[in-house]
Each structure stands twice: as structure tokens, then as C-alpha cells.
Amino acid sequence: MLSFKRLVSFGSLIAPQCTALTVNNFSASRWLTLPKRRSPYSSVDTERYSSLRKSVMSSRVGSQTPETLSAEDEHIYGPVVKDQTPSSGSNQRVVETPHPFLHDKETLETEEAESGPPTRIALKRDQGRSLVPSVTRVLQQTLSPEQIFYLERWKRKMITELGEEGFKEYTQNLFKQGKLFHSALDNILTSGAASMSVEYPPVVLGYLESIAHVMEDISAVRAIESTVQHDTLNYLGVVDCVARYRGVLCVIDWKTSEKPKPFLSNTYDNPIQVAAYAGALNNDDKYKYQVESGLIVVAYKDGSPAHAHMLNSEQMLEYWKTWLVRLQEFIQQK
């Protein structure tokens, strides 16, 4: 086992920290210990957004329908021109051509040795891939009318509160923080072969503190930020991580959120996304193993314990069926 010290920066202070790592089995135990501190809300979470956050997190919204919310919006903001308000019911959609989630069940029992560095296949939009849609694109273009309604309503309230430029700045900051968080995770999951010192940006320290208890159960990292492609169904994506969580091999998706998401239903289309990635990986010849389970980890900037939503094999199969329907709708749109 190789041990090394990591230096974590807290403003002007740098705290040394020991991390244990084996070559063939990543161990995140005691990987990061952060002192309790006040939430460092900076570019995104300021008093400027306080009333908006209270509105978004209000429990009253959950009991309302698109119709009542639309009436409330018109009372507050005035009449707006928009698409017809969707009804609460929706037509049951069925996939016309089912496709297996697993490519070869035998590989579940004859997996390759968990050794060596994690796989990292960069996304290259050449060699014919420019015409292959991504999982994110498919999901964005096949949102239900109700999903579109709530998304547009949220955007409208944000712009009313922040203005056009303020909303643009808000989304840019969220994107930047997400990239920095993933970059820090990348370093944590791959480093350890030699002593090194790392100073993480202050904006991500809360997120890292948030996922500390989850990282203790992560081991045997097999892939990080790696492209997966399903040639038969013609789509691709980039998985955040493939590793064992509490001994179970999972496709892991790291998310950040300002709003608590204690239930799987709070993650919206994220389970479909994870199932789509796993299905592509299972049918990609570059990966010599199969993955049946998934994990969605929602990290919080204020350091609150992250919520880890485990998807077992039965749940993954159901979300895989939903993904096939969404993919079918995307193709029919073209």
C-alpha cells in the first residue's frame, strides 16, 4: 500500500492529510477531513438570491399543478405568451424495438482483473462521431410537456429575480463550479502513486466535505470521465466514474445541487442518464466487463452530507426501458 500526503487549502491555511491507496484497489477511507466552518457562499449563493431560493424550496409548490401555478404566475408577473399548459396525465409510451441492457451476462462472472489505472477514453467528435447524439442531448430534446413547463417557469422566475445578465452569470457560475468539482474528484480518484500537494479551489471545498462519507465506500475505480458508445443504438456519453460502491460495481454520476435531494425522485432524469451510460458501456467492446447497478451522488456546497442514491439491477432495467422510449422519440423527431 502506498501512502501520500495531500495538502488541502482553507483560505490562507494549508492542512496536511494522509490518504491510503493501493495500486489495484482505490481506498477513499480518511481521504479528506475538513474542519467545520461557515458556508463559503460566494459567486452563486449570496443575499442576492435569497428570496429566489426560498421560493424554489417552498413546500407549497409541490402540492400545486401546472394549471394553478400558471394562474399564480399571471397574477404575479402578468399575462405571458406561452405554449398550452400540459395536463397532469400523459400518454403511456412504449418502445417499439426493445434492446437488451446487458451484452453478455457471462462477463458478469468472468470480469477482468481490477488492476492498473482507470480507463479514460476522451470524447472525440471526429471519425464519424459528429453525427452520434449524446445522452444529454437526447434527454434534453425529449422532455415531457410537464417537464418543459416547470423548466420554463423556473427560468422565468430566475430572470425576474436576477435579470437577463444576472441569470446568465448565475448559470455560468454553476457550470464553472461543476467543472471544478469534477476536476477535484478526478484528482482524488487518480492520484496517490507519489507524494503530492494539492490546493483545491475554495469554491469546491464544501462539495468535497459533502461527499466525504460516500468516498469511504468507493473502491476499485475502473473508469473516470470516459466515453462509452452504443454502436447498435447509435448514441454515446461520458461516464463520470465506474467503481465499486460498498462492494457493488456501479456507474457513478456526481451531481451538485443547492436544493436538498433526499429522494431518488428528486433527481428527475438522472437515473435514466445513468442507465443509458451503463447500457452503452455494456455494449462497448472497449470495456471487458458489464455493469448492472448505478449510483447518483448529490453533493452540497455548504458541506451538508451528500445524498447517495443507489440503483439496483431491477431499477436499472426499468430506467433502461424508459431510456429506450426517449431515444425512440428522439429518432422519430428527426
Side-chain angles (χ1 to χ4, degrees), residues 1-4 6 17-32 102-103 107-108 110-124 129 134-136 178-196 198 200 204 207-208 211-212 214-230 236-256 270 273-297 299 306 308 310-311 316:
M1 176 177 293
L2 300 176
S3 298
F4 68 98
R6 182 188 304 279
Q17 179 176 16
C18 293
T19 301
L21 185 83
T22 59
V23 173
N24 63 344
N25 187 15
F26 172 82
S27 173
S29 178
R30 299 172 62 187
W31 67 279
L32 182 64
L102 298 173
H103 178 65
T107 58
L108 290 171
T110 59
E111 296 177 346
E112 64 181 0
E114 296 177 344
S115 60
T119 302
R120 188 193 301 270
I121 301 175
L123 175 62
K124 297 180 180 179
R129 279 184 171 176
S134 67
V135 172
T136 302
K179 288 192 66 176
L180 290 173
F181 173 56
H182 278 77
S183 177
L185 275 171
D186 186 321
N187 181 73
I188 291 167
L189 292 170
T190 57
S191 63
S195 297
M196 61 189 309
V198 175
Y200 295 116
V204 304
Y207 294 126
L208 297 181
I211 65 170
V214 177
M215 295 296 287
E216 293 176 356
D217 294 318
I218 299 293
S219 64
V221 180
R222 289 195 171 196
I224 298 176
E225 295 291 336
S226 192
T227 302
V228 294
Q229 182 165 345
H230 200 306
L236 55 75
V238 179
V239 297
D240 285 349
C241 181
V242 178
R244 292 193 178 276
Y245 175 69
R246 297 180 177 176
V248 179
L249 190 64
C250 299
V251 167
I252 303 175
D253 205 36
W254 308 102
K255 300 294 184 183
T256 60
N270 293 156
Q273 182 182 24
V274 171
Y277 289 155
L281 183 150
N282 291 338
N283 288 270
D284 193 325
D285 292 337
K286 293 184 291 296
Y287 301 87
K288 307 304 180 182
Y289 52 89
Q290 303 277 277
V291 183
E292 288 188 287
S293 302
L295 180 69
I296 300 171
V297 181
M310 182 82 171
L311 300 169
M316 290 286 276

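All values reported here derive from a predicted model rather than from experimental measurement.
- The two residues R120 and T190 come nearest to each other via the heavy atoms NH2-CG2, 3.3 Å.
- Inspection of the Y200 and N187 side chains reveals an N or O donor paired with an N or O acceptor under 3.5 Å.
- Nearest approach of Q273 to K255, heavy atoms of both residues: OE1-NZ, 3.1 Å.
- Atoms CE and CD, on M316 and E292 in that order, are 9.0 Å from each other to the nearest 0.5 Å.
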TODO: Applying side chain to side chain contact (heavy atoms under 4.5 Å, CB included), run through L185 and I211 and close with a yes or a no.
DONE: CA-CA 10 Å; L185 275 171; I211 65 170; 3.3 Å; yes

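- You'll find the side chain of L208 reaches within 4.5 Å of the side chain of I188, heavy atoms only.
- Closest approach of Y277 and V228 over heavy atoms only: O-CG2, 3.8 Å.
- To the nearest 0.5 angstrom, D240 atom CG is 11.0 Å from S226 atom OG.
- Residues A299 and A306 come closest through the heavy atom pair CA-CB, 4.0 Å.
- Considering OG1 of T136 and CG of L236, their distance stands at 10.0 Å, rounded to 0.5 Å.
- Neither side chain, S293 nor Y245, offers a donor N or O lying under 3.5 Å from an acceptor on the other.
- Within the model, atoms CG of N283 and CD of Q229 stand 11.5 Å from one another, a figure rounded to the nearest 0.5 Å.
- S134 OG to L123 CG: the interatomic distance, rounded to the nearest 0.5 Å, is 8.5 Å.
- The side chain to side chain contact (heavy atoms under 4.5 Å, CB included) test with V274 singles out one residue from I252, V291, D253, L295, and that residue is D253.
- Using bins of under 30°, 30° to 60° and over 60° for the plane-to-plane angle, the ring pair W254/F181 lands in the perpendicular bin.
- Of the possible polar contacts, one joining the N282 side chain to the A278 backbone as a donor-acceptor pair under 3.5 Å is found.
- With hydrogens and angles disregarded, no donor-acceptor distance shorter than 3.5 Å links the side chain of T119 to the backbone of A223.
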